[in-house]
K.L.:
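Structure below; questions to follow.
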Amino acid sequence: MQFGHLCIGEKILLMKKHNFSAGPCILPQEVFQEASKAILDFNDTGLSILEISHRSKDFVDVMDEARNLALELLGLEGQGYKALFLQGGASTQFLMTAYNLLQTKAGYINTGTWSDKAIKEAKLFGEVIEVASSKDANYNYIPKGFELPDGLDYLHLTSNNTIFGTQIKHFPVVDCPLICDMSSDIFSRKLDFSKFDMIYAGAQKNMGPAGTTLVVIREDILGKVTRAIPSMLDYSEHIGKGSMFNTPAVYAVYVTMLTLRWLKAKGGVTAIEEINDRKARLLYSEIDLNPLFKGFAAKEDRSNMNATFSLADGDLKETFDAMWKEAGINGLNGHRSVGGYRASMYNAMDIEGVGTLVDLMSELERKA
Ligand SMILES: *Cc1c(COP(=O)(O)O)cnc(C)c1O
């Protein structure tokens, strides 16, 4: 099978693979088209988006629209939250959260590799209490029913565990600030986002290309630590400068803005959640009904974004791998710490893509 692109006049027709990669992720075709036009001529300025000044009105408008769309799609406008597009990935947020907010002790729920990394960074700044962990079962479930110690500066959670394929469905009610790494399920479902005091997400999982990280933070939780904070790591500094303290990741913010526009036009998180639920039901029911496959994560904690599963019989691996590669599927191999397969079904993955995978799984059953 051939994949490539055809240019017909102005229109670029992409003949795409079904991209199940965990990140950088699939983005909507419309976004790729719009974003490639902007490389050649952005907003009819006669300049490429890659060369315009980040202080130009055209780009300041992009940054403002991206920040406003983020708050609007989360239902957080006018409630004391600020949206920022920072650099350094979600990994820099592991340390920035603690730098800005950890004075004495903070609680962390350890649900996987990413939480574990956040814990490691936070320990540089204060006492870290691992309130609950699912490390005992290679993170295949979400710990529940834990007791929170008193006097925490904040509680940190990871809403979706990209590697292990688990997702928090019910968030704890707490009396301290609640911080959540939503890198791999931001804008994928409807939640009461006002329960969180801070949300962060690397763009490249479900929101845009690599290079920028969304931070949504309630301003009133800042300014409580006594340590001095370097400007580039200080949320207040970035808020004061409208996310333009230094040169932002211009193109990454632009493509993220286009993706958020696309999501809004589709009906926002409520509409996309319905599609995401359908995709996840389609794949998980195949995993459960097809005797050749088994799921990794505990059923009640299964992620709607990243489905982890494996073949019950390893001898079929070569056959199955050849089948999905032939069908134009990309990025299905599991993370090395879980093995097997991982199908990432982010917002831009359509139900037909998931259908292609499910059809191959049942075809394998018929063949075997
Ligand atoms: C990928 C990922 C990260 C790390 O993101 P970077 O932008 O690469 O630093 C953190 N948290 C979660 C949940 C992730 O999936």
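Reckoned from all heavy atoms, side chains included, excluding hydrogens, waters and symmetry mates. Whatever order the structure lists ligands and atoms in, that order sets their numbers, starting from 1.
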K.L.:
side-chain contact (heavy atoms from CB on, under 4.5 Å), that's the test. Do S231 and E237 meet it? Break it down for me.
P.N.:
CA-CA 6 Å; S231 308; E237 194 75 47; 4.0 Å; yes

K.L.:
When you pair each N or O of ligand 1 with protein N or O atoms, which pairs come out under 3.5 Å?
P.N.:
unit_1	atom_1	unit_2	atom_2	d
ligand 1	7 (O)	A90	N	3.0
ligand 1	7 (O)	Q204	NE2	2.9
ligand 1	8 (O)	Q204	NE2	3.3
ligand 1	9 (O)	A90	N	3.2
ligand 1	9 (O)	S91	N	2.8
ligand 1	9 (O)	S91	OG	2.6
ligand 1	11 (N)	D181	OD2	2.6
ligand 1	15 (O)	W114	NE1	3.4
ligand 1	15 (O)	T162	OG1	2.5
ligand 1	15 (O)	K205	NZ	2.7

K.L.:
Between D181 and Q93, is any side-chain donor less than 3.5 angstrom from a side-chain acceptor?
P.N.:
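No donor-acceptor contact under 3.5 Å links the two side chains.
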
K.L.:
Can Y346 and N306 be counted as having a side-chain donor-acceptor contact under 3.5 angstrom?
P.N.:
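Yes - a donor-acceptor pair under 3.5 Å links their side chains.
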
K.L.:
Side chains of S194 and D192: any donor to acceptor distance under 3.5 Å?
P.N.:
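Yes, a side-chain donor-acceptor pair sits under 3.5 Å.
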
K.L.:
Would you say the side chains of S184 and N160 form a donor-acceptor pair under 3.5 Å?
P.N.:
yes

K.L.:
Please check if the distance between the ring centroids of F309 and Y284 is under 6.0 Å.
P.N.:
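Judged by ring-centre distance (under 6.0 Å), F309 and Y284 do not meet the cut-off.
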
